[in-house]
Amino acid sequence: MKNRKVVVGLPQDMERKVAVMVQVASQFDSRIHFITGNKKVNAKSIMGMMTIPLNSGDELLVEAEGADEEQAIEVVVEFLETGKQPN
């Protein structure tokens with residue numbers, strides 16, 4: 001299992017950021033969770049993701065476990081920090 005703290009830097013005017021985040025996470029086989037405060041949500045669940053803030057400046061812990069966990073952490077963190085979507 002890998003984890004990394006990240007400060008969200010998504011553009012304020014980014015449309016559908018929760019839906020795009022779920023799409024980014026869903027391309028990996030690993031289980032991916034976001035932890036904020038006392039809440040842990042599945043990053044591949046649109047309903048779960050709608051319950052946490054993804055505003056610029058918010059801090060989250062990203063946790064991934066599985067065969068592609070290192071790549072998953074890298075891509076998810078990059079998206080959260082910059083809004084850049086993988087190709």
Side-chain angles (χ1 to χ4, degrees):
M1 180 183 334
K2 301 283 183 185
N3 64 51
R4 187 179 312 165
K5 282 190 178 181
V6 61
V7 175
V8 177
L10 294 173
Q12 295 289 43
D13 60 347
M14 183 176 187
E15 293 183 26
R16 304 177 322 115
K17 58 185 158 188
V18 171
V20 174
M21 179 67 260
V22 170
Q23 289 175 342
V24 169
S26 293
Q27 66 186 331
F28 297 99
D29 292 329
S30 294
R31 290 181 300 281
I32 304 169
H33 291 93
F34 290 172
I35 302 165
T36 180
N38 62 351
K39 188 177 281 194
K40 180 175 182 176
V41 299
N42 180 347
K44 298 178 184 181
S45 165
I46 189 78
M47 295 303 286
M49 289 299 297
M50 290 175 66
T51 68
I52 63 169
L54 284 180
N55 300 314
S56 186
D58 290 337
E59 188 174 292
L60 303 169
L61 181 66
V62 180
E63 180 180 270
E65 183 174 8
D68 56 0
E69 63 190 26
E70 290 190 32
Q71 183 183 16
I73 287 279
E74 292 299 321
V75 171
V76 167
V77 166
E78 182 175 6
F79 174 74
L80 288 170
E81 290 177 338
T82 67
K84 181 181 175 206
Q85 298 177 43
N87 297 332

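Applying the side-chain contact (heavy atoms from CB on, under 4.5 Å) test between Lys2 and each of Glu70, Glu65, Glu74 identifies Glu70 as the sole match.
The nearest pair of heavy atoms linking Glu78 to Lys84 is OE2-CD, 3.2 Å. Pairing each heavy atom of Gly83 with each of Pro11, the nearest pair is CA-CD, 4.3 Å. Nearest heavy atom pair, residue Lys17 against residue Leu10, reads CD-CD1, 3.9 Å.
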Under 3.5 Å, side-chain donor or acceptor atoms of residues 53-62 against the rest of the protein: list the pairs with distances, not counting sequence neighbours.
| from | atom 1 | to | atom 2 | distance (Å) |
| --- | --- | --- | --- | --- |
| Asp58 | OD2 | Asn55 | N | 2.9 |

List the atom pairs, with distances to 0.1 Å, where a side-chain N or O of residues 32-43 and a protein N or O form a donor-acceptor pair under 3.5 Å, not counting sequence neighbours.
| from | atom 1 | to | atom 2 | distance (Å) |
| --- | --- | --- | --- | --- |
| Lys39 | NZ | Thr51 | O | 3.3 |
| Lys40 | NZ | Glu63 | OE2 | 2.9 |
| Asn42 | OD1 | Lys44 | N | 2.8 |

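Residues Met50 and Val76 share a hydrophobic cluster, clusters being chains of Ile/Leu/Val/Met/Phe/Trp/Tyr side chains in contact below 4.5 Å. A chain of hydrophobic side-chain contacts below 4.5 Å, direct or via other Ile, Leu, Val, Met, Phe, Trp or Tyr residues, connects Ile46 to Val8. Hydrophobic clustering (side-chain heavy atoms under 4.5 Å, transitive across Ile, Leu, Val, Met, Phe, Trp, Tyr) groups Val24 together with Met47.
The number of heavy-atom neighbours closer than 6.0 Å to CG of Asp29, taken from other residues, nucleotides and ligands shown, is 12 or below.
The CE atom of Met21 sits 10.0 Å away from the CD atom of Gln85 when rounded to the nearest 0.5 Å.
For Glu81, the salt bridge (charged side-chain N to carboxylate O under 4.0 Å, His left out) test picks out no residue, with sequence neighbours left out.
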